[in-house]
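Below, chains carry the letters A, B, ... as their sequence lines are ordered, and counting in each starts from 1. Just so it is clear, the values below take in all heavy atoms, side chains as well, and ignore hydrogens, waters and symmetry mates.
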Number of protein chains: 2
Amino acid sequence: MTDRPRPLRADAARNRARVLQVAYETFAAEGAAVPIDEIARRAGVGAGTVYRHFPTKESLFQAIVADRLHQVVERARALAAADPGEGLYAFLFLLAEQGATDLGLTEAFAGTGFDLTEALPEAEREFMGTVAEILAQAQQAGTVRPDVDAADIKTLMVGLQAMHRFRGDSEHMRRVYPLIRAALAVQKAEG
Amino acid sequence: MTDRPRPLRADAARNRARVLQVAYETFAAEGAAVPIDEIARRAGVGAGTVYRHFPTKESLFQAIVADRLHQVVERARALAAADPGEGLYAFLFLLAEQGATDLGLTEAFAGTGFDLTEALPEAEREFMGTVAEILAQAQQAGTVRPDVDAADIKTLMVGLQAMHRFRGDSEHMRRVYPLIRAALAVQKAEG
DNA sequence: ATAGAATCGGGGCGTGCGTTCCGGTTAGTA
DNA sequence: TACTAACCGGAACGCACGCCCCGATTCTAT
C-alpha cells in the first residue's frame, strides 16, 4: 500500500492531485450531490480520468476524508508539541474553526451512509490515537480534568463541528467555545 | 392556513397522517434518499396519494420537520412550566435524547440544502421564542449564568444533537451532557 | 528520435428516482 | 338509496447521474 509497483506517470499524478483538490472544494461547498462529470469539468479533465484514479464515487470520498484527516492530525501534533498544556484546547479550536469549511463535507457525507470507522479504520485509529495522546499530555499538565477520556473529546469535537450549521457564521461557535473550555478545565470544587 | 375551506375527507385525512408518520420514521431511520414510492408502499397507499398531499418531496420534508419541531416545543413548554429553574436543562436533555432518533432527519436533510430558517420561518420563530422564554426563566431562577443568550443555547443544542453521530450510541452524549450543564451553571468565581 | 505503453477525453448505456396522469373507487349528501 | 365530487392507485414519462469503453494523445525508456 505504501510502495507502488510503478511511480505513476507525471501527468497522471498531476491530474490525480488536481481532481482530489477540486473534489474537496466542490463537495465541501456544494454537497456530495455534485455529479462526477462536474468535478471532472472543473478539474479540466474527462470523466474517465476521474474514474481511473477513483474507481467509484465512494472511493473519491474516502480519499478526500483520509487526506483532510491526516492534515488535521499533523497540525494538531505540531500544536501539542509547542505547548502540551494548551495542545488539546488548540486542537479543539482548530477543528472547530476548520469545521466552517469541512462541515460541508460532514453534512455531505452524512446522508450517504458513509461510516468513517468502517471505511477508513486506519485513519480513524490514527485520529483517535492522536486525541488520546494530546489529551493525556494536557491532563498531566493539569489543564484538563482527569475524568474525561478520548471518546468524550471526540464527542465534543463532533458537536463543535456541527455548531457551524447555521448561516456558516462562526460567531456562534466562538461564543460557545469558551463555555466548552470552562467545562473541560479542572474544577477546584467538584459537585 | 388555520381554517381550511373544506375539512378534508375522512380517508384523505387518515392517509395524510399515515404518510407523514411513515415518512418520518423511514427518513429518520434510513435517510432522505429513500424513494417516495417506497414511502407510499410502506404507508399502504399509491405514490399518487403521497404527491397529492405533498406536491413535492421537499414539501414532505417541511411537513415532517414542522411537525417534530412543534411537538418538541410543546414538551419543552410543559417541562419548563413544571420547574422553571430546571426547564432549560430539561429542554437541552430532551433535545439531546430525541436527537438519537431525529438525528437521522438532521443528517438526511443536511445534504439536501434544506434551510430551516428560510423554509419554515414561522416554526423557527416559535422555536427560538420558546428557547428565549425558557432561558429567561432559568436565568431568573439563578440556575443558568446570565451572560448566555438564546442563540448560544441554540448553538449548543445543535452540537448536542450532532453528538449522536457515531454509532447511534447515546452513551457518548450522556457522558458529555453533565459537562455542558456544568458550563452553563452560574460560576461563583469568574475567570 | 522512435517505439511502445499507459493515460486522456467524452460520448453512450443502463438504472433509479421524482413527478404526472387518468380510469376506477369510495366517502359524503339529499 | 342514489348521485356526485373528491380521492385512490399504479403505470408511464423524462431526466439526471454513475459508470464503461475505445480511439486519440502524451509520456518514458532505449
How does each nucleotide of nucleotides 12-19 of chain C score, in 5' to 3' order, for protein heavy atoms under 4.0 Å: base (B), sugar-phosphate only (S), or none (-)?
-----SSB
I'd like to compare against my own output: the B/S/- annotation of nucleotides 23-30 of chain C with a strict under-4.0 Å heavy-atom distance to protein.
---BSS--
Quick one: does any side-chain atom of Arg18(A) pair with a main-chain N or O of Ala43(A) as donor and acceptor, under 3.5 Å?
yes
Is the backbone N or O of Arg68(A) less than 3.5 Å from a side-chain atom of Tyr24(A), with the two atoms forming a donor-acceptor pair by type?
no
Has [X] got a side-chain N or O lying under 4.0 Å from the OP1 or OP2 atom of [N]?
X: His53(A); N: dC8(C); result: yes
X: Asn15(A); N: dT7(C); result: no
X: Thr49(A); N: dT7(C); result: no

Between [X] and [Y], does at least one N-O distance fall below 4.0 Å, as a salt bridge requires?
X: Glu171(B); Y: Arg175(B); answer: no
X: Arg42(A); Y: Glu25(A); answer: no
X: Arg125(B); Y: Glu122(B); answer: no

Gln140(B), CD atom: more than 12 neighbouring heavy atoms under 6.0 Å:
no
Between [X] ([atom1]) and [N] ([atom2]), how many Å, whole number?
X: Leu60(A); N: dC19(D); atom1: CG; atom2: P; answer: 11 Å
X: Arg16(B); N: dA6(D); atom1: CZ; atom2: P; answer: 18 Å
X: Arg52(A); N: dG18(D); atom1: CZ; atom2: P; answer: 18 Å

Testing the basics here: between Val34(A) and Phe27(A), what is the closest heavy-atom pair and its distance to 0.1 Å?
O-CE2, 3.7 Å
How long is the gap from CZ on Arg174(B) to OH on Tyr177(B), to the nearest 0.5 Å?
10.5 Å
